[in-house]
Amino acid sequence: MTSTKSVRVQDFKRIVFFTGAGVSAESGVPTFRGKGGMWEQYDYQSYACQDAFEKDPEKVWTFNNMRRSMVGACQPNEAHRIIARCEQDLDAEVTVVTQNIDGFHQIAGSQNVLELHGSLWRVRCDVCHNQHTSHEPSLEDLHCDRCGSWWRPDIVWFGDNLLQAVIEKSMRAIYACDLLVSIGTSAVVFPAAQMPLEARNVGATLIEINPEETRLSSFYDHCMRGPASKMLAELCVF
Ligand code: OAD
Ligand code: ZN
């Protein structure tokens with residue numbers, strides 16, 4: 001493994017930033033796993049799967065509204081801003097493929113963002129296929145304004161399939177990239193975990209940014225051990 005000092009983002013033409021909860025950790029949004037992680041405090045089977053929602057939609061909505069309020073009180077950090085700046089300032093096609101549902105990449109200015117796990121701010125009606133997006137910290141009206149059924153958070157829960165169209169767009173970007181930077185993901189949730197590694201098949205340079213080693217670290221050309229904002233500032237020198 002060589003030093004990332006030899007890697008200049010300016011030398012690449014198609015860059016994918018593949019992000020997970022760690023990129024928002026410095027914004028104050030807790031990650032899912034590890035110390036202080038969401039799934040340590042909340043049992044995901046009671047809050048983040050279709051069965052739980054069907055059994056007790058109010059309980060799932062209380063959890064979801066708590067997350068909306070909590071994330072809504074936080075802001076994107078320097079890591080999101082550096083990624084947005086790459087899209088704006090580099091002479092390269094930059095795509096963000098994210099597992100995050102907080103919308104921080106878009107708020108920071110990234111335009112080409114693919115949300116693999118949906119959005120905390122969007123709800124859908126599975127009865128009449130209505131959709132609604134709002135940034136209210138706590139969604140007050142929990143029922144579809146067209147048919148009165150429960151709004152369902154448009155988040156990919158455990159056991160759900162990812163949206164095919166989003167996977168296809170993400171894979172197209174990954175198969176076309178010459179640099180992939182994976183940031184702040186524990187790489188344990190499939191199919192997302194496996195996706196960045198596909199970039200190896202097209203000869204891209206792969207960089208992992210994470211303060212900790214992950215189960216997929218050995219597949220990367222370079223691993224930068226540290227917080228996202230500091231590591232991105234080192235990598236992306238304009
Ligand atoms: P995890 O919570 O599983 O992992 C967060 C990763 O971020 C860990 O590997 C940390 O070491 C790393 N990390 C922590 N602080 C960091 C920092 N300042 N800079 C960089 N990295 C840092 O989050 P994800 O991998 O995103 O799915 O989790 C994947 C999916 O599992 C989520 O999208 C969510 C969850 O259940 C759904 O909700 C469907
Ligand atoms: Zn409806």
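For ligands, and for the atoms within them, numbers begin at 1 and follow the listed sequence.
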Tell me whether N210 contacts the main-chain N or O of E213 through its side chain, where contact means a donor paired with an acceptor under 3.5 Å.
no
Any side-chain heavy atom of Q131 sitting closer than 4.5 Å to one from R122?
yes
Can an N or O of F32 be found at a distance shorter than 3.5 Å from an N or O of ligand 1?
yes
Has W39 got any heavy atom lying under 4.0 angstrom from an atom of ligand 1?
yes
Report yes or no: do M195 and V156 belong to one cluster of Ile/Leu/Val/Met/Phe/Trp/Tyr joined by side chain heavy-atom distances under 4.5 Å?
yes
For a 4.5 angstrom cut-off between non-hydrogen side-chain atoms, does T205 reach F12?
yes
Among protein heavy atoms, which lies nearest atom 29 (C) of ligand 1, and at what distance?
Q99 OE1, 3.3 Å
Nearest non-hydrogen contact to atom 21 (N) of ligand 1 from the set G37, P211, A192 belongs to P211
My understanding is that we take every heavy atom of each candidate and find the minimum distance to atom 33 (O) of ligand 1. Doing that for H117, M38, E213, which one comes out nearest?
H117
Please list the nearest protein heavy atom to atom 15 (N) of ligand 1 with its residue and the distance rounded to 0.1 Å.
A25 CB, 3.7 Å
Using a 4.0 Å cut-off to any heavy atom of V189, which atoms of ligand 1 qualify?
29 (C), 30 (C), 31 (O)
If you measure every N/O of A228 against every N/O of ligand 1, is any gap under 3.5 Å?
yes
Which atoms from ligand 1 have a heavy atom of G20 less than 4.0 Å away?
26 (O)
Taking both backbone and side-chain atoms of S186, is any N or O found less than 3.5 Å from an N or O belonging to ligand 1?
yes
Record the part of R33 in heavy-atom contact with ligand 1 below 4.0 Å; permitted values are side chain, backbone, both and neither.
both
Atom 25 (O) of ligand 1 has as its nearest protein heavy atom T185 OG1, 2.7 Å
Taking the side chain as every heavy atom from C-beta outward, state whether F104 and N77 have any pair of such atoms under 4.5 Å apart.
no
So R33 and V189, do their side chains get closer than 4.5 Å, heavy atoms only?
yes
F158: numbered ligand 1 atoms lying under 4.0 Å from its heavy atoms
36 (O)
Could you find the nearest protein heavy atom to atom 17 (C) of ligand 1 and give me its residue, atom name and distance?
G22 O, 3.3 Å
How many protein N, O or S atoms sit closer than 2.8 Å to the Zn ion (ligand 2)?
4
Close side-chain approach of W121 and I101, heavy atoms under 4.5 Å
no
Polar contacts were defined as any N/O atom of the residue lying under 3.5 Å from an N/O atom of the ligand; does this apply to G184 and ligand 1?
yes
Please state which protein non-hydrogen atom is closest to atom 18 (N) of ligand 1 and give its distance, to 0.1 Å?
E26 OE2, 3.4 Å
Closer than 4.0 angstrom: is that true for some heavy atom of V156 and an atom of ligand 1?
yes
Quick one: are L139 and W61 in side-chain contact, heavy atoms under 4.5 Å?
yes
Looking only at distance, does T214 have an N or O less than 3.5 Å from an N or O of ligand 1?
no
Would you please indicate if the ring centroids of W150 and H143 are separated by under 6.0 Å?
yes
V188 reachable from Y44 in the ILVMFWY side-chain graph, under 4.5 Å edges:
no
Does D154 come within less than 4.0 Å of R124, counting only side-chain N to carboxylate O?
yes
Considering heavy atoms of the protein only, find what lies nearest to atom 9 (O) of ligand 1 and give residue, atom and distance to 0.1 Å.
N210 ND2, 2.9 Å
Between R67 and D102, is there a side-chain N and carboxylate O pair less than 4.0 Å apart?
no
Could you identify the single nearest non-hydrogen protein atom to atom 26 (O) of ligand 1 and state the distance to 0.1 Å?
A21 N, 2.8 Å
Do I83 and C86 come within less than 4.5 Å of each other through their side chains, counting heavy atoms only?
no
Does any N or O of ligand 1 fall below 3.5 Å from an N or O anywhere on N100, backbone included?
no
What is the minimum heavy-atom distance between A92 and I15, and which atoms define it?
CB-CD1, 4.3 Å
Within 45° cone and under 6.0 Å: R152 NZ/CZ vs W157 ring
yes
Less than 4.0 angstrom from a charged side-chain N to a carboxylate O is my criterion; do R225 and E208 meet it?
yes
